[in-house]
Structure formats: C-alpha cells, structure tokens
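Please read the structure below before turning to the comments.
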Amino acid sequence: MSDLLDLSLAEASDKLRSREISATELTEAYIAAMAETVDLNCYITETPEKAREMAAASDARLAKGEGGAMEGIPIGMKDLFCTEGTLTTAASHILDGFVPPYESTVSGNLWDAGAVLLGKTNLDEFAMGSANITSYYGAVRNPWTRQSEPDTELVPGGSSGGSAGAVAARAALAATGTDTGGSIRQPASLTGLVGMKPTYGRCSRWGIVAFASSLDQAGPLTRTVRDSAIMLGVMAGHDPKDSTSVDTPVPDYGAALTGDIRGLKVGIPREYRIDGMPEEIEALWAQGVDWLKQAGAEIVDISLPHTKYALPAYYIVAPAEASSNLARYDGVRYGLRIDGETLDEMYANTRGEGFGDEVQRRVMIGTYVLSAGYYDAYYLQAQKVRTRISEDFRNAWDSCDVLLTPATPSAAFGVHEKFNDPIQMYLNDVFTVTGNLAGLPGISVPAGLDKDGLPLGLQILGRAFDEETVLKTAAVLEEASGFSALPALRAGRG
Ligand code: GLN
C-alpha cells in the first residue's frame with residue numbers, strides 16, 4: 001500500500017500503462033489515505049464514489065491501450081474550480097449548497113486526460129490568504145511539524161493549502177491550485193512540494209471562482225518537476241470562453257527537461273535581499289546559486305528597482321478587483337440568503353453573515369481604493385507601479401533568461417502565530433506577488449530543510465510563456481538538492 005502512495009505521477013503513469021497496477025487499486029490506496037489524514041482538514045468535500053467510477057472508466061480505457069496523459073491519476077481539485085454536479089464552496093459560507101451546472105475548463109481538461117477526482121480541497125476563503133486559516137470550513141494543518149515542538153500545529157501556507165497539504169500527506173497524488181499573489185508557490189514551499197504558476201493567459205480562468213481577474217492563474221501542485229510538466233501540459237491551452245487565455249501552442253513540457261542549462265543566464269535580483277530575512281533563507285539562496293553555477297549556468301547580478309512597491313500595489317489591485325468580483329454574491333443568485341425587512345437589508349445581512357473577516361476587509365479596502373475621491377491616489381497609482389514592475393522584468397530579460405529567488409521569507413509557521421496581524425500575513429507574499437503583477441511564470445522547488453526540519457523552497461521566474469526554461473532550470477535545482485524528506489506523519493505511516 002505505502003509503495004503505491006510513494007509513486008510520483010510519472011512513475012504511476014508508467015505502471016498504469018504497463019498494467020502493473022490498476023487505476024482502481026491506486027485510487028483505493030488514496031481513498032484510504034484520505035480517511036487516515038482526515039484530521040488535517042485538507043478536503044472540504046471528499047468524492048470517493050465518483051473517484052471509484054472514474055478509476056473504473058480509466059481501467060477500461062487502459063485495458064484497450066487508450067488513455068490520456070493523466071489516465072488513472074487520483075488528484076485533489078482546489079474548491080475554487082467549479083465542478084459540474086459536485087459542491088463548490090470557495091471555502092465561503094456565502095456559497096452554501098452551490099452545485100455548479102458546469103465544469104471549469106481546467107478541471108474539464110484534466111478529466112478529459114483521464115484524471116480521477118478524489119475531492120475538493122480546502123483553501124482560504126475565496127483564495128484570500130497565505131496560511132489557509134480563513135476557510136469557513138476551518139484551517140488546514142500542515143503534515144510537517146517542527147522537530148523542536150512537534151505538537152505545535154503549523155499552517156500549510158495558502159491559499160491552496162488543502163491541495164498542498166493533501167499532496168504532501170500522500171492523500172492526493174497531485175492537486176490543482178490557483179495563484180493570485182503566490183497561492184501555489186507559497187504553500188508548495190511550506191510543504192516541500194513543486195508548485196508552478198504559469199504565465200497569465202496560459203490556463204483558462206473560465207469556471208474558476210474569480211478573486212482578482214487580472215492576476216488569477218491555475219497551476220499544478222506536485223511532488224516532482226516532471227509531474228508538474230505533465231500536469232501543466234494538460235491544464236494549459238487556449239479557451240475561447242476566456243478572452244484572456246492566449247492562443248499559443250502548448251509545448252511538450254516534459255521534453256524541456258533536458259537537464260542541460262549550460263550557458264543559461266540566471267539573474268539574482270539584489271532587491272530580493274530583504275531586511276530581516278532569516279539567515280537560513282540567505283544560505284539556501286546562495287546554495288541555489290552554487291548548484292546552478294555547477295550545472296554550467298552563468299550567474300548575473302540584476303536590479304528590479306521597483307520591487308519594494310510590489311506588495312503595496314498588489315494589496316490595492318487585488319482587493320479592488322475582488323470587491324468588484326464579489327459584488328455578485330447578493331443572496332439572490334447563489335448559496336446563502338439571510339432575509340431582511342427590505343432588499344438592501346437582505347443584501348447586507350447576507351454579505352455580513354456570508355463573508356468572513358478577511359473577505360470583508362478586502363471588499364472594504366477594494367471599495368475604498370476605487371471610490372471617486374481615492375481612485376487616482378490609490379488604484380491608478382498602483383496600476384502605474386504595476387507597469388513599472390513589468391518594465392523592470394523586461395529590462396532584466398536583456399541580460400538573463402531566468403531569475404533565482406527564495407520562494408518564501410520563512411518556513412511554515414504556527415496556526416496562531418500571525419493570525420491577528422494582517423500586515424505580517426501579507427508579507428508572506430513578498431517574493432511571489434511580482435510574478436503575478438507582471439504575469440510571469442514562476443515555480444517553487446523544495447531545496448532544503450530549516451533548522452527545525454521544515455521544508456524551504458527556491459523560486460525560478462521566467463519570461464512570459466517560457467515555462468519550458470523555468471521547468472528545465474527547476475529540474476536541475478531539484479536534482480542538485482536531492483530533496484527527499486517526508487513529513488513525520490507520512491514517514492511514520494509505514
Ligand atoms: N496571499 C495573497 C492574498 O491573500 C495571495 C493569495 C492568492 O494567491 N490567492 O491575496
């Protein structure tokens with residue numbers, strides 16, 4: 001049983017195709033693992049019956065020598081993707097009982113390629129957060145714990161924390177995430193996984209509950225870079241239903257993993273050396289530089305001068321778009337309704353009860369920065385900063401092909417450690433938001449452990465639509481780091 005759970009997506013695919021294992025067997029192992037790890041709260045809705053049906057259908061296709069790139073692979077689906085006939089909550093009370101009559105394009109692509117749905121994974125409410133503690137369905141626990149205080153419950157990062165927790169705990173072979181300011185890369189870093197945010201426009205956003213439409217992108221959370229390449233290839237593609245999805249061919253990402261980065265120019269942005277950055281993160285970053293140098297890359301010192309404005313700009317643009325996107329939850333069209341004397345009172349009651357504190361904070365900030373008197377001072381200014389940040393990257397690409405940075409400013413933290421300080425929480429995204437503001441692809445790769453035995457990631461950022469170079473470089477880092485540690489829970493599961 002445990003052997004089945006330890007297979008990577010690529011390995012499982014090979015064994016499924018050679019009929020050494022069946023999709024049903026693999027799926028049963030994961031259904032059992034979901035039950036065993038239920039106290040981590042990784043899933044909002046488990047769909048074991050659907051999983052069994054889908055696995056049986058995969059086995060029938062495999063028996064005929066047919067099947068797609070994800071045939072028989074049991075995955076978790078972030079509960080932000082609409083799934084036809086399966087409850088979709090966005091981890092919000094306001095979507096109570098919402099069963100979409102349609103399928104998101106990305107999840108549909110995965111089912112078409114043969115993937116098996118294990119369930120809908122937990123997240124921060126409407127994907128707003130960096131710790132997966134704002135979910136109406138409760139916080140997700142990281143399967144990793146500190147060696148020094150094994151009883152302290154740690155966060156898995158957010159907002160795709162249920163997806164990350166599930167893959168790290170071996171309760172899903174892979175999972176989808178969405179990344180608006182770091183929500184794939186940040187939880188990947190905190191759980192020892194590979195998390196890939198592709199270029200804005202690479203994956204369709206159709207059918208994904210919208211947070212900030214100019215920033216949101218879907219991507220995979222996996223255990224290896226090769227798995228990331230396989231899954232991204234299936235998720236990506238032009239979609240006429242999303243006017244921001246780009247009509248450009250999806251390359252064979254697996255073929256990009258040549259292991260050869262000789263002559264590649266890797267930029268090290270000096271502005272990412274932030275005040276108070278833990279020494280361990282500095283050391284890991286330096287180690288990453290060394291690994292890439294040894295593999296034949298050329299290291300270049302780079303400046304991205306507007307980096308320090310990225311977080312403030314993000315926390316204006318993202319709430320502005322969120323306040324507009326979330327206007328549709330009015331107690332009439334979806335989910336929850338709390339009645340009132342008048343229509344306005346019904347709206348207010350529904351939104352007051354239906355949205356949690358963090359979502360209400362974002363709606364208020366967003367409404368404020370878009371209001372007549374403040375639009376120019378905040379929103380417009382933030383958009384200008386965004387343009388500058390994109391220009392910084394464009395200039396950097398004159399002298400390098402990818403950038404290497406830390407993925408997160410710290411390892412996983414305690415569930416209660418940053419809870420009451422939103423600003424402290426927002427700082428988690430310091431290395432990731434720039435990639436969203438500029439629309440660029442980025443990946444977090446597990447690179448080492450901190451002094452307490454917790455995983456830390458390094459990030460590779462690349463040119464728009466050059467996921468191939470990003471993945472290739474990430475695979476070299478992965479190989480060099482030889483990261484193979486497992487969370488105590490899994491190590492102890494035998
Ligand atoms: N932590 C960031 C936020 O709360 C990013 C979240 C995300 O990428 N979905 O806005």
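Both counts, for ligands and for their atoms, begin at 1 and track the order of listing. Values in this document were obtained by computation on a predicted structure and should not be read as measured data.
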**Request:** Between T180 and ligand 1, find which residue part has any heavy-atom pair under 4.0 Å and reply side chain, backbone, both or neither.
**Result:** both
**Request:** Check Y315 against ligand 1 and report side chain, backbone, both or neither, counting heavy atoms closer than 4.0 Å.
**Result:** side chain
**Complete:** Under 4.0 Å between heavy atoms, the region of R362 that gets near ligand 1 turns out to be side chain
**Message:** Please list, in number order, the atoms of ligand 1 under 4.0 Å from a heavy atom of A127.
**Reply:** 6 (C), 7 (C), 9 (N)
**Request:** Do me a favour and list the nearest non-hydrogen protein atom to atom 1 (N) of ligand 1 with residue, atom name and distance?
**Result:** D429 OD2, 2.7 Å
**Prompt:** Less than 3.5 Å between some nitrogen or oxygen of F211 and one of ligand 1, yes or no?
**Reply:** no
**Asked** With no hydrogens and no angle check, do the side chains of N436 and R185 hold a donor and an acceptor under 3.5 Å apart?
**Response** yes
**Asked** Are Y102 and W206 close enough that their ring centres sit under 6.0 Å apart?
**Response** yes
**Asked** Strictly by modelled atom types, are S148 and D452 linked by a side-chain donor-acceptor pair under 3.5 Å?
**Response** yes
**Prompt:** So which bit of S183 gets within less than 4.0 Å of ligand 1, heavy atoms only: side chain, backbone, both or neither?
**Reply:** both
**Asked** Is there any N or O on D179 that sits under 3.5 Å from an N or O of ligand 1?
**Response** no
**Request:** Return yes or no for this condition: an N or O of M128 is under 3.5 Å from an N or O of ligand 1.
**Result:** no
**Request:** Would you mind listing which atoms of ligand 1 come within a distance below 4.0 Å of any non-hydrogen atom of S159?
**Result:** 9 (N)
**Asked** Of all the non-hydrogen atoms in the protein, which one sits nearest to atom 5 (C) of ligand 1, and at what distance?
**Response** Y314 OH, 3.3 Å
**Request:** Write down the atom of G76, the atom of A172, and the distance for their closest heavy-atom approach.
**Result:** N-CB, 3.9 Å
**Prompt:** Under 3.5 Å, side chain of S135 to main-chain N/O of N132, donor-acceptor pair present?
**Reply:** no
**Request:** Mind checking the OG1-CG spacing from T47 to L117? Nearest 0.5 Å is all I need.
**Result:** 3.5 Å
**Asked** If you measure from CE on M196 to CZ on R202, what distance do you get to the nearest 0.5 Å?
**Response** 8.5 Å
**Asked** Between the side chain of D179 and the main-chain N/O of K197, is any donor-acceptor distance below 3.5 Å?
**Response** no
